[in-house]
Amino acid sequence: MKKIFFLYLSLCLFVFSACQKNEDKNENVVFDESHPFAISPDVEWAVIKEPYVGFHEGNSSNTSSNSYCRKGEIFQVKGFSINEEGQSWYLFENGWIPASSLEVYKNRYKAETAVKQAAAN
């Protein structure tokens, strides 16, 4: 009978100690709001894979470049087009970049992981 009592007492102590609230834990989840569309299912993100790429004014290499970016930079995709020559181009806030100069990911966190892995190699 004593064994059952001690077993019951041990079980009760274990249950009550497990249910105790830990005041030291930070239970607030903080979201990074710097990129609100980071995991949006209909927004893609691109990582530049060439050392130096120009943003073109149109979806052709015949158009002039209005600004530039570097390898490893991440940009939100704003649009996609296939030009008359059959080349795929992506539209960003600063202009167009050919698909051959970048890698496209379904969310920003995958793009950031790809950049970190490339930097580690």
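- Nearest heavy-atom pair across Gly54 and Ser65 is CA-OG, 4.0 Å.
- Separation of atoms CD1 (Ile97) and OG (Ser88) is listed at 14.0 Å; rounding is to 0.5 Å.
- In the model, Asn59 has a side-chain atom that pairs as donor or acceptor with a side-chain atom of Ser81 under 3.5 Å.
- Remark: Lys106 engages Glu44 in a salt bridge, criterion side-chain N to carboxylate O under 4.0 Å.
- Within a 6.0 Å radius of CD in Glu85, more than 12 heavy atoms belonging to other residues, nucleotides or ligands are found.
- A donor-acceptor pair is defined here as one N or O able to donate and one able to accept, closer than 3.5 Å; no such pair exists between the side chain of His56 and the backbone of Trp96.
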Apply side chain to side chain contact (heavy atoms under 4.5 Å, CB included) to residues Ile82 and Gln87 and explain how you reach the verdict. CA-CA 5 Å; Ile82 298 176; Gln87 298 171 327; over 6 Å; no
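- Annotation for Phe37: atom CZ does not count as buried by contact number, only 12 or fewer foreign heavy atoms lying within 6.0 Å.
- The pair Arg108-Glu112 meets the salt-bridge criterion, since a charged nitrogen lies less than 4.0 angstrom from a carboxylate oxygen.
- Checked against Phe55 for a ring pair (Phe, Tyr, Trp, His ring centres under 6.0 Å), the options Phe75, Tyr68, Trp89, Tyr90 give a single hit: Phe75.
- Note: Cys69 SG to Ile74 CD1 = 12.0 Å, rounded to the nearest 0.5 Å.
- Atom CD1 of Ile48 is separated from atom NZ of Lys71 by 11.5 Å, given to the nearest 0.5 angstrom.
- Side chain of Ser60 to main chain of Asn62: a donor-acceptor pair is present (N/O by atom type, distance under 3.5 Å, no hydrogens or angles).
- The main-chain N or O of Ala114 is never found under 3.5 Å from a side-chain atom of Gln117 such that the two would form a donor-acceptor pair.
- By the rule that hydrophobic residues join a cluster once side-chain heavy atoms approach within less than 4.5 Å of another member, Val104 and Val115 end up as members of separate clusters.
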Apply side chain to side chain contact (heavy atoms under 4.5 Å, CB included) to Leu102 and Phe92, showing your working. CA-CA 12 Å; Leu102 46 88; Phe92 302 95; 3.6 Å; yes
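- Cluster membership check: Trp45 does not share its hydrophobic cluster with Tyr109, using side-chain heavy-atom separations under 4.5 Å among Ile, Leu, Val, Met, Phe, Trp and Tyr.
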